[in-house]
Novice: 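First, the structure itself, so that you have it in front of you.
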Amino acid sequence: MNWDAFRAYGRSPAVCSLAAILMLALLGPAQADPKNGVIGVISGGNPELGKTDAKTMCIVCHGAAGISPVQGFPDLAGQWPQYLLKQLHDFMSKKRDDPLAKGTMIDAVKTIHGQQEMKDLVAFFGSLPPPKAKPVPTDTQAKALWAAGKSIYFGGIRLTDVPACEACHSTTGAGTPPEFPRLAGQDKTYLVEQLTYFHDGTRANDPNGIMRDIAGRLDKQEILALATFIPTLSGGIRRHSCHIPLTMTAEIEAYVAYQ
Ligand code: HEC
Ligand code: HEC
């Protein structure tokens, strides 16, 4: 697999970060507040309507603030709406039907009434403040795992050709929209599960098998190390201050039109 194109892709938002810093310097932090920005807006999605729908259909498992009360279930708050939309379509078409999705999301998506409601739901969850960084573990064993995870996140593993996660999921863990999801602050157990599913190939909805290829090269200990480190990432200020147009990608448009 040629990672160079992806690495270049991962790096390009540096320009955006620079613009964000300039914007912060010029406008001050008030304008960089997510409430004033375009964060969480997806073309045609209404977060207010999504909030009402989510109350009856989603928050029992994902929490009213998009932070899941259940260990092992994902936080959706602040996740890129396009990524969330793609996942809902993947659950619906059973392209994503890993063991945890069966009996949870595969059933939950059946309660969504059409494309408009789906866009409203992702606009709502995407507009919520993302999960906060978890504290760095202090006990010796966990700290060693954390350090190993940090090393893989930023440097990859040369011997087994594992690329740095940072290349696509960004330095702060905020992700790179629209394809590369936010990981910062995510639930540790959920991260272990998903990396294990990609490793086994039971989650197979990743474009070009990117994550299956990467996680396939990770062993159990490395997965645990990454899942110990990633929740402690902050997500940074980029997502709050950088204007990245949140329109739907052509691929998702086609998907939605097809449904
Ligand atoms: C019964 C509990 C349950 C309900 C109800 C539920 N979810 Fe989920 N959701 C889950 C679980 C568990 C997962 C992880 C599934 C997996 O492993 O593939 C998940 C995953 C997701 C994901 C993918 C997140 C990611 O980071 O990839 C999205 C998007 C999502 N849910 C949205 C919703 C929406 C919108 C609703 C309401 C219509 C909803 N969920 C209702 C349990 C639930
Ligand atoms: C070449 C780009 C790329 C690299 C490098 C990469 N990822 Fe990913 N990752 C993706 C894409 C694309 C997805 C979304 C897959 C989908 O559409 O379902 C993803 C999804 C994920 C998810 C699932 C998130 C969720 O909410 O369900 C996890 C966890 C993850 N990656 C962890 C990692 C880790 C850990 C590394 C480093 C060892 C890494 N990724 C490196 C592209 C990448």
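Every number for a ligand or one of its atoms is a count from 1 in the order of the listing.
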Novice: For ligand 2, is there an atom lying under 4.0 Å from some heavy atom of Q87?
Specialist: yes
Novice: Check each atom of ligand 2 against the heavy atoms of C168 and keep those under 4.0 Å away; list them by number with element.
Specialist: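 Near C168, the atoms of ligand 2 are 1 (C), 2 (C), 3 (C), 4 (C), 5 (C), 43 (C).
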Novice: To the nearest 0.1 Å, how far is atom 33 (C) of ligand 1 from its closest protein heavy atom, and which atom is that?
Specialist: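 Closest protein heavy atom to atom 33 (C) of ligand 1: M105 CE, 3.3 Å.
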Novice: Nearest 0.5 Å please: distance from the NZ atom of K119 over to the CG atom of N46.
Specialist: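 Interatomic distance, K119 NZ to N46 CG, rounded to 0.5 Å: 12.0 Å.
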Novice: Could you establish whether P74 and ligand 1 come within less than 4.0 Å of each other, counting only heavy atoms on the residue side?
Specialist: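 Heavy atoms of P74 do come under 4.0 Å of ligand 1.
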Novice: For ligand 2, is D90 a contact, meaning one of its heavy atoms is under 4.0 Å away?
Specialist: no
Novice: Relative to each other, are the rings of F229 and Y153 parallel, tilted or perpendicular (30° and 60° limits)?
Specialist: tilted
Novice: Which ligand 1 atoms does T104 reach within 4.0 Å, using its non-hydrogen atoms?
Specialist: 11 (C), 12 (C), 42 (C)
Novice: Near L100, which atoms of ligand 1 are under 4.0 Å from a heavy atom of that residue?
Specialist: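 So the atoms of ligand 1 that pass are 12 (C), 14 (C), 17 (O).
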Novice: State the atoms of ligand 1, each with its element, that fall below the 4.0 Å cut-off from a heavy-atom position in D98.
Specialist: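 Reading through ligand 1 atom by atom, the close ones are 16 (C), 17 (O), 18 (O).
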Novice: Would you please determine whether E193 falls within less than 4.0 Å of ligand 1 on a heavy-atom basis?
Specialist: no
Novice: Is the shortest N/O to N/O distance between Y190 and ligand 1 below 3.5 Å?
Specialist: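 Yes; at least one N/O pair falls below 3.5 Å.
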Novice: Kindly confirm or rule out an N or O of Y197 lying under 3.5 angstrom from an N or O of ligand 1.
Specialist: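 The answer is no, given that Y197 and ligand 1 share no N or O pair closer than 3.5 Å.
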Novice: In the protein, what heavy atom is nearest to atom 28 (C) of ligand 1, and what distance, to one decimal place, separates them?
Specialist: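 Here the closest protein heavy atom is L76 CD2, 3.7 Å.
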Novice: How far apart are the closest heavy atoms of K188 and A227, and which atoms are they?
Specialist: CG-O, 3.2 Å
Novice: Considering only heavy atoms of I210, which atoms of ligand 2 have at least one such atom less than 4.0 Å away?
Specialist: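 Listed by number with element, the hits are 1 (C), 2 (C), 3 (C), 42 (C), 43 (C).
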Novice: Which ligand 1 atoms are under 4.0 Å away from a heavy-atom of C58?
Specialist: 34 (C), 35 (C), 36 (C), 37 (C), 38 (C), 39 (C), 41 (C)
Novice: Consider ligand 2: state whether an atom of it lies below 4.0 angstrom from any non-hydrogen atom of Y83.
Specialist: yes
Novice: Give the atom numbers and elements of ligand 1 that come within less than 4.0 Å of a heavy atom of L84.
Specialist: 29 (C)
Novice: As an exercise, identify every atom of ligand 1 less than 4.0 angstrom from a heavy atom of C61.
Specialist: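 This gives 1 (C), 2 (C), 3 (C), 4 (C), 5 (C), 42 (C), 43 (C) as the contact atoms.
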Novice: Atom 21 (C) of ligand 2: which of Q186, E179, H169 has the nearest heavy atom?
Specialist: H169
Novice: For the pair S170 (side chain) and A174 (backbone), establish whether a donor and an acceptor sit closer than 3.5 Å, ignoring hydrogens and angles.
Specialist: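 Yes; at least one donor-acceptor contact below 3.5 Å.
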Novice: For the residue pair Q87 and N205, confirm or rule out a side-chain donor-acceptor distance under 3.5 Å.
Specialist: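 A pair is found: one side chain offers a donor N or O, the other an acceptor, under 3.5 Å apart.
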Novice: Taking R217 for its side chain and T160 for its backbone only, find out whether a donor-acceptor pair lies under 3.5 Å.
Specialist: yes
Novice: Please list the nearest protein heavy atom to atom 9 (N) of ligand 1 with its residue and the distance rounded to 0.1 Å.
Specialist: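 So the nearest neighbour among protein heavy atoms is H62 NE2, 2.8 Å.
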Novice: Do me a favour and list the nearest non-hydrogen protein atom to atom 23 (C) of ligand 1 with residue, atom name and distance?
Specialist: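 Going by distance alone, atom 23 (C) of ligand 1 is nearest to R96 NH1, 3.5 Å.
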Novice: Hey, does A164 sit under 4.0 Å from ligand 2 if you only count heavy atoms?
Specialist: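 Flag set, A164 near ligand 2.
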Novice: Using distance alone, determine whether R203 and ligand 1 share an N or O pair under 3.5 Å.
Specialist: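 Among all N and O atoms of R203, none is under 3.5 Å from an N or O of ligand 1.
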Novice: Ignoring hydrogens and angles, tell me if any N or O in the side chain of E222 forms a donor-acceptor pair with the backbone of D219 under 3.5 Å.
Specialist: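 Flag set: sc E222 to bb D219 pair under 3.5 Å.
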Novice: Using a 4.0 Å cut-off to any heavy atom of L191, which atoms of ligand 2 qualify?
Specialist: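 With L191 as reference, the close atoms of ligand 2 come out as 29 (C).
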Novice: Strictly distance-based, threshold 3.5 Å: is any side-chain N or O of H199 a donor or acceptor partner for the main-chain N or O of A215?
Specialist: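 Yes: the side chain of H199 pairs with the backbone of A215.
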Novice: Can you list the ligand 1 atoms lying under 4.0 Å from a non-hydrogen atom of I112?
Specialist: 38 (C)
Novice: For the backbone of G185 and the side chain of K134, can you confirm whether one donor and one acceptor N or O come within less than 3.5 Å of each other?
Specialist: yes
Novice: Using a strict 4.0 Å cut-off to heavy atoms of I230, name the atoms of ligand 2 that fall inside it.
Specialist: 35 (C)
Novice: Which of the numbered atoms in ligand 1 are under 4.0 angstrom from any heavy atom belonging to M57?
Specialist: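 Selected atoms, number and element: 5 (C), 37 (C), 38 (C), 41 (C).
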Novice: Quick check: Q194 and ligand 1, any N/O pair under 3.5 Å apart?
Specialist: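 Indeed, backbone or side chain, Q194 has an N or O that close.
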